[in-house]
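Computed over heavy atoms, backbone and side chain alike; hydrogens, waters and symmetry mates excluded. Heads up: numbering here begins at 1 and tracks the sequence.
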Amino acid sequence: MSRLNELRVDSSPAVSRHGRGPAGLAFRADAYHVAALFMAALDRDYVLDGASLLTLQCGPAGDEPRYERFPGASVVRVDPFDVAAHARADPAQRERTVLALIEQHGLALIDRVGADPQPWRAAAARVRAQRFQLESEMTGLGRALPGRAGRIRVYRCLGAGFGERWEARVLDRSGTVIACHPMRAPAALDQRDWFKRSAWEAGVFVVRQRLGQRVFSLALPTDEAPAHCWSAL
């Protein structure tokens with residue numbers, strides 16, 4: 001059976017065609033960081049019902065079944081759910097609500113299919129302990145500076161208001177950050193395939209996406225520029 005590797009929390013099609021509810025709330029984008037935080041906290045080899053994708057659809061479900069299993073994907077329809085009240089709530093309350101939905105309806109599904117509930121509960125507790133924020137170093141993308149003068153470290157950050165943000169930080173030999181560069185505009189999007197591998201290429205730190213396209217570059221300082229003048233190309 002496939003392990004669970006993606007979780008989405010979205011509004012139901014009945015809320016609106018584009019998943020945008022009252023007050024202009026882009027439901028899926030607003031909930032993205034909570035779902036991503038939960039997946040980062042969940043055991044990597046966790047098997048729920050054999051699907052690799054679980055979607056929670058919040059809002060009127062009509063005659064649709066509350067749980068439906070497709071090849072490779074499952075849908076849990078959360079109805080009743082007051083989308084309007086959720087949209088009016090402040091961001092902190094909304095993220096708490098989304099996590100509670102993930103925990104509650106995930107555990108109900110776990111009970112239905114006979115999976116292990118403990119990792120699910122532990123992941124929810126971990127997200128709360130992290131205060132709905134996470135900064136993870138992507139160690140496979142980091143590279144030592146030429147001459148062992150320091151290191152470039154790459155971080156994936158998750159949180160409210162920006163969803164997902166990636167940063168390349170340059171540290172000197174003492175471990176002090178001397179430059180920090182955003183690698184792409186923040187988005188409610190899993191960008192791990194976008195930043196897939198890195199290498200030094202002709203004195204330039206280069207990050208490429210899964211298909212090999214260069215997506216980020218960072219130039220070494222020149223003799224004319226001091227070390228703090230690292231610049232993204």
Side-chain angles (χ1 to χ4, degrees), residues 2-10 26 28-46 51-55 72-73 123 127 130 133-233:
S2 298
R3 67 181 179 86
L4 181 67
N5 59 32
E6 186 176 359
L7 171 65
R8 298 175 186 169
V9 182
D10 205 348
R28 182 168 164 182
D30 185 70
Y32 170 79
H33 73 287
V34 182
L37 285 163
F38 185 87
M39 289 305 300
L42 187 66
D43 293 352
R44 286 178 56 85
D45 60 351
Y46 186 75
S52 59
L53 166 64
L54 172 65
T55 300
V127 174
Q130 294 166 343
Q133 298 179 62
L134 182 64
E135 183 178 281
S136 301
E137 183 178 0
M138 311 306 287
T139 54
L141 293 176
R143 289 289 177 268
L145 299 183
R148 299 188 179 277
R151 190 168 184 83
I152 296 177
R153 298 184 185 274
V154 174
Y155 292 84
R156 178 189 185 218
C157 308
L158 299 168
F162 61 87
E164 181 168 316
R165 181 178 66 232
W166 286 66
E167 296 177 350
R169 302 175 190 174
V170 184
L171 289 73
D172 63 17
R173 189 176 282 110
S174 72
T176 301
V177 176
I178 57 176
C180 181
H181 289 279
M183 298 173 68
R184 195 182 186 192
L189 177 68
D190 187 337
Q191 301 172 52
R192 285 175 292 182
D193 274 348
W194 188 254
F195 303 111
K196 197 65 175 178
R197 60 181 185 271
S198 68
W200 286 104
E201 299 180 13
V204 175
F205 173 73
V206 174
V207 181
R208 297 184 181 275
Q209 46 97 292
R210 183 174 57 87
L211 298 178
Q213 177 187 353
R214 180 190 289 208
V215 293
F216 180 78
S217 302
L218 195 59
L220 283 166
T222 64
D223 292 338
E224 293 76 26
H228 67 271
C229 292
W230 284 83
S231 60
L233 299 179

Between [X] and [Y] (side chain of the first, backbone of the second, donor and acceptor by atom type, cut-off under 3.5 Å), is there such a pair?
X: Ser52; Y: Gly72; answer: yes
X: Arg210; Y: Lys196; answer: no
X: Tyr32; Y: Leu158; answer: no
X: Glu137; Y: Thr139; answer: no

Value rounded to 0.5 Å, distance of [atom1] in [X] from [atom2] in [Y]:
X: Gln209; Y: Asp193; atom1: CD; atom2: CG; value: 8.5 Å
X: Arg8; Y: Leu53; atom1: CZ; atom2: CG; value: 5.0 Å
X: Glu167; Y: Arg184; atom1: CD; atom2: CZ; value: 15.5 Å

Does the side chain of [Y] come within less than 4.5 Å of [X]'s, by heavy atoms?
X: Tyr155; Y: Glu135; answer: yes
X: Phe205; Y: Val154; answer: yes
X: Phe195; Y: Arg156; answer: no
X: Leu7; Y: Leu42; answer: no
X: Glu164; Y: Leu189; answer: no
X: Arg173; Y: Leu145; answer: no
X: Gln191; Y: Met183; answer: no

Could you walk me through whether Val34 and Val9 pass side chain to side chain contact (heavy atoms under 4.5 Å, CB included), step by step? CA-CA 9 Å; Val34 182; Val9 182; over 6 Å; no
Give the minimum heavy-atom separation between [X] and [Y], together with the two atoms involved.
X: Leu134; Y: Leu37; value: CB-CD2, 3.3 Å
X: Ser198; Y: Gly140; value: OG-O, 4.2 Å
X: Ser174; Y: Asp172; value: OG-OD1, 2.6 Å

Show your reasoning for whether side chain to side chain contact (heavy atoms under 4.5 Å, CB included) applies to Phe216 and Leu141. CA-CA 12 Å; Phe216 180 78; Leu141 293 176; over 6 Å; no
Apply the test side chain to side chain contact (heavy atoms under 4.5 Å, CB included) to residues Met39 and Tyr46: give CA-CA distance (whole Å), side-chain angles for both, the deciding distance (0.1 Å), then the verdict. CA-CA 10 Å; Met39 289 305 300; Tyr46 186 75; over 6 Å; no
Centre of Trp200's six-membered ring, under 6.0 Å away, within 45 degrees of the axis: is that where NZ or CZ of Arg143 sits? no
